[in-house]
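Working notes, beginning with the structure itself.
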Amino acid sequence: QIQLVETGGGLARPGGSLRLSCAVTGFTVTDYKMAWYRQAPGKAREFVASVLSGGFTEYGDSVKGRFSLSSDNAKNILSLQMNNLKPEDTAVYFCHRPAHNYWGQGTQVTVAS
């Protein structure tokens, strides 16, 4: 059974950091393109970052230079390191496997002072 489970969300101060993890079961995380999306209240879901099976990464313009995506084949986890957080990063963050459209349940990230 394929599951994507996000953890690591919470409250951070502006300028702070959080690390999100997406634990994957049912497939090997490095065998597929994987991505993070986020959705703020009242807004459409927004692309954050993606990684191809070969390791090539892409980032949304709003997070370039601040967020970093990585995958751990041994632990089968996709991670999103978020630095220099801003209040506008507040959203529910979702892990996504585009192939067959799998989504996690999301984890809330709130950036506030």
Side-chain angles (χ1 to χ4, degrees):
Q1 182 179 1
I2 291 176
Q3 284 190 313
L4 288 68
V5 179
E6 303 95 334
T7 56
L11 175 65
R13 304 271 189 199
S17 298
L18 284 174
R19 186 176 182 87
L20 304 184
S21 294
C22 174
V24 167
T25 55
F27 67 98
T28 300
V29 67
T30 52
D31 284 349
Y32 289 85
K33 178 179 180 179
M34 297 293 297
W36 286 93
Y37 281 74
R38 67 187 182 185
Q39 188 165 20
K43 295 189 176 182
R45 196 163 290 191
E46 176 190 18
F47 170 75
V48 175
S50 65
V51 58
L52 299 180
S53 57
F56 177 77
T57 54
E58 288 188 292
Y59 297 92
D61 288 341
S62 60
V63 307
K64 280 180 183 176
R66 300 188 298 121
F67 290 12
S68 178
L69 187 61
S70 62
S71 52
D72 185 326
N73 194 38
K75 296 181 180 179
N76 219 23
I77 288 175
L78 180 72
S79 296
L80 183 69
Q81 178 67 40
M82 307 187 296
N83 298 326
N84 191 21
L85 284 162
K86 303 176 180 181
E88 51 264 42
D89 294 319
T90 296
V92 179
Y93 284 70
F94 297 90
C95 181
H96 175 49
R97 194 189 90 170
H100 298 102
N101 199 30
Y102 286 102
W103 293 89
Q105 83 288 349
T107 186
Q108 175 71 46
V109 170
T110 302
V111 184
S113 54

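Only heavy atoms go into these numbers, but all of them, side chains included; no hydrogens, no water, no symmetry mates.
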Is any side-chain heavy atom of [Y] closer than 4.5 Å to one of [X]?
| X | Y | result |
| --- | --- | --- |
| Val24 | Gln3 | no |
| Asn76 | Thr25 | no |
| Ser71 | Ser79 | no |
| Arg66 | Asp89 | yes |
| Val51 | Glu58 | no |
| Leu4 | Met34 | yes |
| Val29 | Ile77 | no |
| Phe94 | Cys22 | no |

Should Asp31 and Ser53 be marked as a side chain to side chain donor-acceptor pair (under 3.5 Å) after you check the CA-CA gap, both sets of side-chain angles, and the distance that decides it?
CA-CA 5 Å; Asp31 284 349; Ser53 57; over 6 Å; no
Do Tyr93 and Tyr37 make the cut of ring centroids closer than 6.0 angstrom?
no
Look at the side-chain heavy atoms of Ile, Leu, Val, Met, Phe, Trp and Tyr, link any pair under 4.5 Å apart, and say whether Phe27 and Trp36 land in one connected group.
yes
Under 4.5 Å between side-chain heavy atoms, counting indirect links through other Ile/Leu/Val/Met/Phe/Trp/Tyr residues: same cluster for Trp103 and Ile2 or not?
no
Could you grab the distance from atom [atom1] of [X] to atom [atom2] of [Y], nearest 0.5 Å is fine?
| X | Y | atom1 | atom2 | result |
| --- | --- | --- | --- | --- |
| Tyr59 | Leu69 | OH | CG | 5.0 Å |
| Leu78 | His96 | CG | NE2 | 12.0 Å |
| Leu80 | Phe67 | CG | CZ | 6.0 Å |
| Arg19 | Met82 | CZ | CE | 10.5 Å |
| Thr30 | Leu52 | OG1 | CG | 12.5 Å |

What heavy-atom pair brings [X] and [Y] nearest, and what distance separates the two atoms?
| X | Y | value |
| --- | --- | --- |
| Pro14 | Ser113 | CD-N, 3.8 Å |
| Leu18 | Gly8 | CD2-O, 4.0 Å |
| Val92 | Gln108 | CG2-OE1, 3.2 Å |

Can you tell whether the side chains of Asp61 and Lys64 come within less than 4.0 Å, N to carboxylate O?
yes
Given 3.5 Å as the limit, does a donor-acceptor pair link the side chain of [X] with the main chain of [Y], or not?
| X | Y | value |
| --- | --- | --- |
| Asn101 | Pro98 | no |
| Glu6 | Cys95 | yes |
| Thr107 | Gly9 | yes |

Tell me, which pairs form a side-chain hydrogen bond (donor to acceptor under 3.5 Å, both in side chains) where one or both residues lie in residues 40-52, sequence neighbours left out?
Arg38-Glu46, Gln39-Arg45, Glu46-Ser62
Pairing residues for Tyr102 by the ring pair (Phe, Tyr, Trp, His ring centres under 6.0 Å) criterion, not counting sequence neighbours
none
